[in-house]
**Q** 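I have a structure here, written as structure tokens, and I will follow up with some questions on it.
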Amino acid sequence: MMRTEKMRRRSLLTRLAAGVAALPLAGCDRLSQTEWFTRLLGSAESVDEAVQGTIAGRWAMAPEFTEADLSPQFKSNGTQNPQDPAYQQLAQNGFADWRLAVTGLVEHPASLSLSDLRALPSRTQITRHDCVEGWSCIGKWKGARLSSLLDQVKPKPEAKYLVFYCADVMEQSLEGEVKYYESMGLADAYHPQTILAYEMNDTVLPIPYGAPLRLRNERQLGYKMAKYIMRIDLVDNFASVAGGKGGYWEDRGYAWYGGI
Ligand SMILES: Nc1nc2c(c(=O)[nH]1)N[C@H]1C(S)=C(S)[C@@H](COP(=O)(O)O)O[C@H]1N2
Ligand SMILES: [Mo]
């Protein structure tokens with residue numbers, strides 16, 4: 001990383017840290033500033049993915065909690081209600097017409113309804129969500145195991161990453177609308193706690209939290225967990241994905257791995 005870029009990022013982090021104290025966090029815990037700041041500089045920003053994997057153990061489980069630990073109010077962050085007309089139409093119909101497309105480097109491209117996803121092996125987990133902004137909330141999630149979906153579509157040997165394309169428009173650019181996108185490596189996609197969640201706290205996933213389907217990927221920061229998923233594309237690199245860094249926030253300077 002160039003020196004100037006590093007300094008720019010440090011000063012951004014300092015401003016973020018100052019902002020944490022002022023955040024209204026109904027029902028959510030605040031990480032101590034030193035805790036999240038250390039994480040941000042020490043794990044997410046400076047240590048590369050390979051080192052991260054060695055330290056944390058690629059297959060380590062994120063901590064799980066009990067019903068008693070659930071945050072009374074889980075914060076909704078980023079997009080809270082996508083304004084895209086096609087999404088609004090799907091929502092009006094309870095997402096009965098929504099389909100998840102699975103495309104790219106797979107033997108069997110697929111188009112799955114919510115009932116198809118509910119028919120896949122599921123997992124329920126109570127976990128802590130950590131946002132890079134310095135807050136965390138504990139929630140209960142139920143969803144299809146991403147590993148089971150992958151077993152169905154069969155990634156080709158050259159597939160390395162999953163790119164998640166979402167329904168929500170983040171900004172208008174000269175090239176048109178920029179919708180949220182994220183990505184993960186295949187190893188993390190097969191992790192037992194990686195699920196495509198359609199339920200939160202024992203109810204159908206509400207719109208502010210990513211209805212009808214959002215990723216839960218409990219060993220990484222909040223921005224890695226795409227909400228409002230419309231398509232999963234299997235690729236071997238990010239060259240064709242917007243800025244080429246593998247995610248909307250990554251293209252704006254965040255770390256790709258974002259481990260916690
Ligand atoms: N599609 C989409 N996914 C997204 C975002 C977003 O704005 N759009 N924000 C990310 C960020 S920064 C966080 S912290 C979490 C917030 O999830 P929550 O609303 O359930 O708290 O979603 C992530 N996934
Ligand atoms: Mo976040």
Side-chain angles (χ1 to χ4, degrees), residues 12-13 16-17 19-20 23-31 36-37 39-40 44-45 62 70-84 86-88 90-91 95 98 100 125-143 162-172 177-184 194-201 203-233 241-242 245-260:
L12 170 73
L13 290 172
L16 280 172
V20 168
L23 282 176
L25 295 171
C28 292
D29 302 324
R30 188 179 301 161
L31 297 176
W36 82 266
F37 208 57
R39 281 181 185 177
L40 202 56
E45 294 290 320
L70 289 173
S71 297
Q73 226 190 302
F74 199 101
K75 184 176 159 71
S76 167
N77 202 36
T79 304
Q80 298 180 21
N81 186 8
Q83 291 307 300
D84 180 65
Y87 177 88
Q88 288 288 329
L90 290 167
F95 299 103
W98 171 91
L100 172 70
Q125 55 205 31
I126 299 178
T127 52
R128 192 181 72 185
H129 177 109
D130 293 333
C131 175
V132 71
E133 292 165 359
W135 55 269
S136 59
C137 289
I138 293 178
K140 180 177 180 181
W141 308 94
K142 180 182 181 187
L162 284 75
V163 183
F164 299 84
Y165 289 97
C166 307
D168 52 319
V169 175
M170 300 298 285
E171 60 187 56
Q172 304 284 341
E177 290 175 335
V178 182
K179 291 179 173 170
Y180 202 87
Y181 51 97
E182 249 306 335
S183 64
M184 81 191 310
T194 301
I195 60 173
L196 294 170
Y198 43 69
E199 279 182 26
M200 176 196 194
N201 295 344
T203 60
V204 169
L205 185 66
I207 288 179
Y209 306 101
L213 195 73
R214 69 98 47 91
L215 181 63
R216 294 301 310 172
N217 169 19
E218 312 292 355
R219 299 153 323 287
Q220 292 175 253
L221 287 165
Y223 63 86
K224 297 299 297 179
M225 290 187 253
K227 308 196 284 187
Y228 317 112
I229 303 171
M230 303 300 290
R231 180 163 73 100
I232 303 177
D233 194 35
V241 185
K245 301 257 168 58
Y248 176 81
W249 287 115
E250 287 84 335
D251 280 335
R252 285 149 188 83
Y254 282 26
W256 177 70
Y257 195 73
I260 50 177

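Whatever order the structure lists ligands and atoms in, that order sets their numbers, starting from 1.
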**Q** Counting heavy atoms only, which of K75, K224, M170 is nearest atom 21 (O) of ligand 1?
**A**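 Considering heavy atoms of K75, K224, M170, the nearest to atom 21 (O) of ligand 1 sits in K75.
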**Q** Counting non-hydrogen protein atoms only, what is the nearest one to atom 10 (C) of ligand 1? Give residue, atom name and distance.
**A**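 Heavy-atom neighbour on the protein nearest atom 10 (C) of ligand 1: Y180 OH, 3.5 Å.
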**Q** I need the atoms of ligand 1 closer than 4.0 Å to a non-hydrogen atom of S76, numbered in the order shown.
**A**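 That gives atoms 19 (O), 21 (O) of ligand 1.
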**Q** Any N/O of W141 closer than 3.5 Å to an N/O of ligand 1?
**A**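 No, W141 has no N/O under 3.5 Å of an N/O on ligand 1.
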**Q** Can you list the ligand 1 atoms lying under 4.0 Å from a non-hydrogen atom of P208?
**A**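 Near P208, meaning under 4.0 Å from one of its heavy atoms, ligand 1 has 19 (O).
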**Q** Less than 4.0 angstrom from a charged side-chain N to a carboxylate O is my criterion; do R252 and E250 meet it?
**A**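 The answer is no: the pair does not qualify as a salt bridge.
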**Q** Could you check W141 against Y198 for ring pair (Phe, Tyr, Trp, His ring centres under 6.0 Å), going step by step and ending with a plain yes or no?
**A** CA-CA 8 Å; W141 308 94; Y198 43 69; over 10 Å; no
**Q** Find all atoms of ligand 1 within a distance of less than 4.0 Å from any non-hydrogen atom belonging to C131, and give their numbers and elements.
**A**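 With C131 as reference, the close atoms of ligand 1 come out as 14 (S).
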**Q** Is the charged tip of K75 near the ring of W135: under 6.0 Å from the six-membered ring centre and within 45° of its axis?
**A**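 The answer is yes, since K75 meets both limits relative to W135.
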**Q** Based purely on interatomic distance, does T79 place a nitrogen or oxygen under 3.5 Å from a nitrogen or oxygen of ligand 1?
**A**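 Checking ligand 1 against T79, an N or O pair does fall under 3.5 Å apart.
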**Q** Please check this pair: side chain of S183 against backbone of V163, looking for a donor-acceptor N/O pair closer than 3.5 Å.
**A**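 Flag not set: sc S183 to bb V163 has no pair under 3.5 Å.
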**Q** Under a 3.5 Å cutoff, is there a donor and acceptor pairing between the side chains of N81 and Q88?
**A**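 Yes, a side-chain donor-acceptor pair sits under 3.5 Å.
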**Q** Could you label the plane-to-plane angle of the W249 and Y254 rings as parallel, tilted or perpendicular, counting under 30° as parallel and over 60° as perpendicular?
**A**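 Judged by the thresholds at 30° and 60°, the geometry between W249 and Y254 is parallel.
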**Q** Quick one: do the Y228 and D84 side chains pair a donor with an acceptor below 3.5 Å?
**A**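 No, because no side-chain N or O of Y228 sits under 3.5 Å from a partner of the opposite role on D84.
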**Q** Starting from atom 23 (C) of ligand 1, which protein heavy atom do you reach first, and at what distance in Å?
**A**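 Protein heavy atom at minimum distance: G222 O, 3.2 Å.
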**Q** Look at atom 3 (N) of ligand 1 and say which protein heavy atom is nearest, naming residue and atom and giving the distance to 0.1 Å.
**A**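 Atom 3 (N) of ligand 1 sits closest to the protein heavy atom K227 N, 3.0 Å.
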**Q** So does N77 get a backbone contact from the side chain of K227, meaning a donor-acceptor N/O pair under 3.5 Å?
**A**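 Yes, K227 side chain to N77 backbone: donor-acceptor pair under 3.5 Å.
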**Q** Is Y248 in contact with ligand 1, taking contact as a heavy-atom separation below 4.0 Å?
**A**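 No, that is not the case, since the closest heavy atom of the residue is not under 4.0 Å from the ligand.
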**Q** Relative to the heavy atoms of G78, which atoms of ligand 1 are at a distance of less than 4.0 Å?
**A**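 Within the 4.0 Å cut-off of G78, ligand 1 contributes 7 (O).
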**Q** Might you point out which heavy atoms bring F74 and H129 nearest each other, and give the distance in Å?
**A**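 Smallest heavy-atom distance, with atoms named: CZ-CB, 3.5 Å.
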**Q** For ligand 1, note which part of W135 has a heavy atom under 4.0 Å away: side chain, backbone, both or neither.
**A**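 The answer is the side chain.
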**Q** Closer than 3.5 angstrom, by distance alone: can the side chain of S71 be matched with the main-chain N or O of I138 as a donor-acceptor pair?
**A**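 Indeed, once roles are kept as given, a pair shorter than 3.5 Å links the two residues.
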**Q** Ignoring hydrogens and geometry, is there a side-chain-to-backbone donor-acceptor pair from D251 to K245 under 3.5 Å?
**A**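 Yes: the side chain of D251 pairs with the backbone of K245.
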**Q** Among all protein heavy atoms, pick out the one at the shortest distance from atom 8 (N) of ligand 1; state its residue, atom name and that distance to 0.1 Å.
**A**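 Scanning the protein heavy atoms, the shortest distance from atom 8 (N) of ligand 1 goes to D168 OD2, 2.7 Å.
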**Q** Quick one: look up the protein heavy atom nearest atom 14 (S) of ligand 1 and list residue, atom name and how far away it is.
**A**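 Its nearest protein heavy-atom neighbour is H129 NE2, 3.3 Å.
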**Q** May I ask you to list the atoms of ligand 1 that are less than 4.0 angstrom from any heavy atom of M225?
**A**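 Within the 4.0 Å cut-off of M225, ligand 1 contributes 4 (C), 22 (O), 23 (C), 24 (N).
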**Q** For ligand 1, which atoms sit closer than 4.0 Å to a heavy atom of Y228?
**A**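 Near Y228, meaning under 4.0 Å from one of its heavy atoms, ligand 1 has 1 (N).
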**Q** With atoms numbered from 1 as shown, which atoms in ligand 1 lie under 4.0 angstrom from a non-hydrogen atom of C166?
**A**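 It comes down to these atoms of ligand 1: 1 (N).
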**Q** Looking only at protein heavy atoms, which one is nearest to atom 17 (O) of ligand 1, and what is the separation?
**A**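 I find the closest protein heavy atom is R214 NH2, 3.1 Å.
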